[in-house]
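From a predicted model like this one, the values you see are computed outputs, not experimental measurements.
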Amino acid sequence: MASQTLTDQTPITMDPIFHILKIVPFSVLRPPRLRLKLPTLTLPSPMTVFALVLLTYFMVVSGIVYDVIVEPPGIGSTQDPGTGSIRPVVFLPGRVNGQYIIEGLSSGFMFVLGGIGIVLMDLALDKNRAKSVKVSYASAGISSLIIAYVMSMLFIRIKIPAYLR
């Protein structure tokens, strides 16, 4: 039998060069004594986590991946039929599956504004706050939510002219 196994599951071979290469360097060399300290990782603050999640949400709903892959222009342009002059266009009309960069960023900002409005309305429900602060949070939350909804509907009407008529 060419190889046998010991009780610690290491194979025994008949090759003497293998034994020499395995034993000789480690009989002379010793590993150094290192006094390494493990790095201590601290958890980020809840506000940092919230900011990162909000930034990620903004990037996802703004279509940053689409912008990187397709590389659309920042804004478009169209020729005015009456005067013949070129005017800038922010929204790509008639194409639901396409966008300019500014269109995606502005739509993403409106979605984030609506989310912040919901967070502000939630903060207004805290019983440990003063009444004036709760009213301020609630009014800011409701107004930002209404602005985000109205602007998003306006964006949809500009994007798809025959929508909601």
Side-chain angles (χ1 to χ4, degrees), residues 8-10 29-165:
D8 61 347
Q9 303 297 329
T10 58
L29 300 174
R30 298 278 179 234
R33 290 186 179 201
L34 298 176
R35 294 180 184 160
L36 298 176
K37 293 182 180 178
L38 291 175
T40 57
L41 297 175
T42 59
L43 291 176
S45 68
M47 222 35 213
T48 304
V49 173
F50 175 72
L52 287 174
V53 168
L54 194 66
L55 180 69
T56 305
Y57 176 71
F58 172 74
M59 290 175 63
V60 167
V61 299
S62 294
I64 298 290
V65 175
Y66 173 83
D67 292 341
V68 168
I69 293 172
V70 178
E71 296 178 2
I75 59 172
S77 60
T78 184
Q79 187 173 8
D80 191 10
T83 61
S85 64
I86 304 292
R87 37 179 214 140
V89 176
V90 176
F91 290 93
L92 187 61
R95 285 193 52 205
V96 181
N97 58 350
Q99 72 178 17
Y100 294 127
I101 294 175
I102 298 297
E103 174 184 354
L105 294 176
S106 59
S107 297
F109 177 74
M110 287 303 138
F111 290 143
V112 168
L113 183 67
I116 288 175
I118 292 173
V119 169
L120 288 174
M121 288 191 305
D122 180 57
L123 289 174
L125 295 175
D126 190 10
K127 295 181 186 207
N128 296 330
R129 297 190 194 276
K131 184 169 177 127
S132 62
V133 174
K134 292 193 319 187
V135 169
S136 298
Y137 278 156
S139 60
I142 290 170
S143 62
S144 65
L145 195 61
I146 289 172
I147 289 170
Y149 176 76
V150 168
M151 293 303 290
S152 296
M153 287 285 110
L154 178 68
F155 291 170
I156 290 175
R157 286 188 190 120
I158 293 172
K159 186 85 172 157
I160 308 166
Y163 188 73
L164 295 174
R165 297 266 181 214

Query raised in the report: Around Phe111, counting heavy atoms of other residues, nucleotides and ligands shown, do more than 12 lie under 6.0 Å from its CZ?
Result: no
Query raised in the report: With a 4.5 Å heavy-atom cut-off, do Pro72 and Ile101 have their side chains touching?
Result: yes
Query raised in the report: Is there a side-chain contact between Ile116 and Leu54, using heavy atoms and a 4.5 Å cut-off?
Result: yes
Query raised in the report: Can you name the closest pair of heavy atoms from Gly108 and Ser62 and give their distance?
Result: CA-OG, 3.4 Å
Query raised in the report: Is it true that atom CZ of Phe58 has more than 12 heavy atoms of other residues, nucleotides or ligands lying nearer than 6.0 Å?
Result: yes
Query raised in the report: Looking at side-chain heavy atoms only, is the closest gap between Leu105 and Ile64 below 4.5 Å?
Result: yes
Requested in this report: Sequence neighbours left out, what passes side-chain hydrogen bond (donor to acceptor under 3.5 Å, both in side chains) with Ser132? Give chain and number order.
Outcome: none
Requested in this report: Give the minimum heavy-atom separation between Gly114 and Leu145, together with the two atoms involved.
Outcome: O-CD1, 3.4 Å
Report task. Report the distance from atom CD of Glu103 to atom CG of Asp67, rounding to the nearest 0.5 Å. Result -> 9.5 Å
Query raised in the report: Can you name the closest pair of heavy atoms from Leu92 and Tyr100 and give their distance?
Result: CD1-OH, 3.3 Å
Query raised in the report: Which pair of non-hydrogen atoms, one from Ser139 and one from Ser136, has the smallest distance, and what is that distance?
Result: OG-O, 3.0 Å
Query raised in the report: If you draw a 6.0 Å radius around CE in Met121, do more than 12 non-hydrogen atoms from other residues or ligands fall strictly inside?
Result: yes
Report summary line: Taking every heavy atom of Val96 against every heavy atom of Lys159, the minimum-distance pair comes out as CA-CE, 4.1 Å
Query raised in the report: With a 4.5 Å heavy-atom cut-off, do Val112 and Tyr57 have their side chains touching?
Result: yes
Query raised in the report: At what distance, to the nearest 0.5 angstrom, does OG of Ser107 lie from CD1 of Ile102?
Result: 11.0 Å
Query raised in the report: Does any pair with a residue in residues 123-151 pass salt bridge (charged side-chain N to carboxylate O under 4.0 Å, His left out), and if so which ones, sequence neighbours excluded?
Result: Asp126-Arg129
Query raised in the report: Any side-chain heavy atom of Tyr137 within less than 4.5 Å of one from Asp122?
Result: no
Report summary line: Of all heavy-atom pairs linking Ser144 and Gly117, the shortest is OG-CA, 3.0 Å
Report task. Hey, could you give me the CE/CG distance between Met151 and Leu154, rounded to the nearest 0.5 Å? Result -> 5.5 Å
